[in-house]
Amino acid sequence: MERPFVFINVAMTADGKIDTFQRKGSAISSQRDKDRVDRLRAESDAVMVGGRTLLDEDPKLTVKSEALRAERVARGLTPNPVKVGVVSKAEFKSHSKFLHEGGARCVIFTTHRTSKDQLEFLRSQNAEVFVHAGERVDLGEMMHTLHELGIQRLMVEGGATLNFELIRLGLVDEVSAYVAPMIFGGEKAPTMAAGIGLERGEAVHLQLIHVESWDDGGVVLKYKLR
């Protein structure tokens, strides 16, 4: 199957949490890591998030740096990459930052569980909407569609369920993680990959290809999926 090059980027604590048990999008990244993420976005054709992140956090997914946006424009690109949302049942609000901030192209993958009124609303906001027949979005079909839309490099910013499913299905090429010098704990606090989980014999193996240790106490790890 032809698909984009896909990499997951996360910021997590030393105990592997990407948020606290409160799930309110708690800050983990240092300023240096925020700058790293901004460059990763600027170098990508599209940035993707899953349903819980999309609806609970309503991320802008824009490139913050004016200089990086200018670099994109100089390369003949739009200032911000395409925004991609994956959500089984879409319930966007009229003032959604995801839909309106940054003037970026928005692509939504959803299912028949999304109401007709919501589909009409999304299309009225110039979002490109793809409705899949099952209870959940077919991620393989989605990747093929993104390739046809011209997306060659796709950055995935979570959440944990989307990360796991993409990894489980073999749809991820690399994982980049900033590990912050802090601990959240909490058995209900989300980790980088959630979902149904895998047995030991089915574990997905990674090859470490890059390590950086920063003065802020954090570590950046980059893995290739075998």
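Numbers here are sequence positions counted from 1.
R32 CZ: more than 12 foreign heavy atoms inside a 6.0 Å radius. Heavy atoms from other residues, nucleotides or ligands lying under 6.0 Å from CD of Q31 number more than 12. The number of heavy-atom neighbours closer than 6.0 Å to CZ of F21, taken from other residues, nucleotides and ligands shown, is 12 or below. The 12-atom threshold is exceeded at CD of E202, counting heavy atoms of other residues, nucleotides or ligands nearer than 6.0 Å.
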Next on the checklist: One pair to check against salt bridge (Lys or Arg N to Asp or Glu O under 4.0 Å): R23 and D19. What are the steps and the verdict?
Outcome noted: CA-CA 6 Å; R23 292 177 177 262; D19 200 354; over 6 Å; no
Next on the checklist: salt bridge (Lys or Arg N to Asp or Glu O under 4.0 Å), that's the test. Do E120 and R123 meet it? Break it down for me.
Outcome noted: CA-CA 5 Å; E120 289 178 3; R123 288 171 175 141; over 6 Å; no
Next on the checklist: If you apply the rule salt bridge (Lys or Arg N to Asp or Glu O under 4.0 Å), what do you find for E43 with R153, and how did you get there?
Outcome noted: CA-CA 8 Å; E43 293 172 348; R153 183 176 178 84; 5.1 Å; no
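Side-chain contact annotation: D15 with T13, donor-acceptor N/O pair under 3.5 Å present. For the residue pair S65 and D38, no side-chain donor N or O sits within less than 3.5 Å of a side-chain acceptor on the partner. With no hydrogens or angles considered, a side-chain donor-acceptor pair links N9 and R36 at under 3.5 Å.
Under the 4.5 Å side-chain heavy-atom criterion for ILVMFWY residues, no single connected hydrophobic cluster contains both M192 and L54. Put simply, L225 and V10 are part of the same group of oily side chains (I, L, V, M, F, W, Y) that touch within less than 4.5 Å, one to the next. Clustering ILVMFWY residues whenever any of their side-chain heavy atoms sit less than 4.5 angstrom apart, transitively, puts V37 in a cluster other than the one holding Y223. Both L162 and L169 belong to a single network of hydrophobic side chains, linked directly or stepwise wherever heavy atoms of I, L, V, M, F, W or Y lie under 4.5 Å apart.
The shortest non-hydrogen separation linking T114 to A90 is OG1-N, 2.8 Å. Shortest non-hydrogen contact noted between P4 and D173 is O-OD2, 4.0 Å.
R113 contributes no side-chain N or O that, together with a main-chain N or O of S88, makes up a donor-acceptor pair within less than 3.5 Å.
Pairs of residues two or more places apart, or lying in two chains, never qualify as ring-ring contact (aromatic ring centres under 6.0 Å, His included) while including a residue from residues 134-176.
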Output a table of donor-acceptor pairs, distance under 3.5 Å, between side-chain atoms of residues 77-84 and any protein atom two or more places apart or on a different chain; print 'none' if there are none.
residue: T78; atom: OG1; partner: N80; partner atom: O; Å: 2.7
residue: N80; atom: OD1; partner: V63; partner atom: N; Å: 2.7
residue: N80; atom: ND2; partner: G102; partner atom: O; Å: 3.1
residue: K83; atom: NZ; partner: K60; partner atom: O; Å: 2.8
residue: K83; atom: NZ; partner: K97; partner atom: O; Å: 3.4
residue: K83; atom: NZ; partner: F98; partner atom: O; Å: 2.8
residue: K83; atom: NZ; partner: E101; partner atom: O; Å: 2.6

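Residues E174 and I209 form a side-chain contact, since some pair of their non-hydrogen atoms from C-beta on lies under 4.5 Å apart. At least one side-chain heavy atom of M142 sits under 4.5 Å from a side-chain heavy atom of V86.
Here R39 pairs with E71 in a salt bridge; the nearest charged N to carboxylate O distance falls below 4.0 Å.
Summarising the hydrophobic clusters (Ile, Leu, Val, Met, Phe, Trp, Tyr; side-chain heavy atoms under 4.5 Å, direct or chained), the residues clustered with M182 are I28, F184.
For the atom pair CE (M48) and CG (L61), the distance works out to 11.0 Å, reported to the nearest 0.5 Å.
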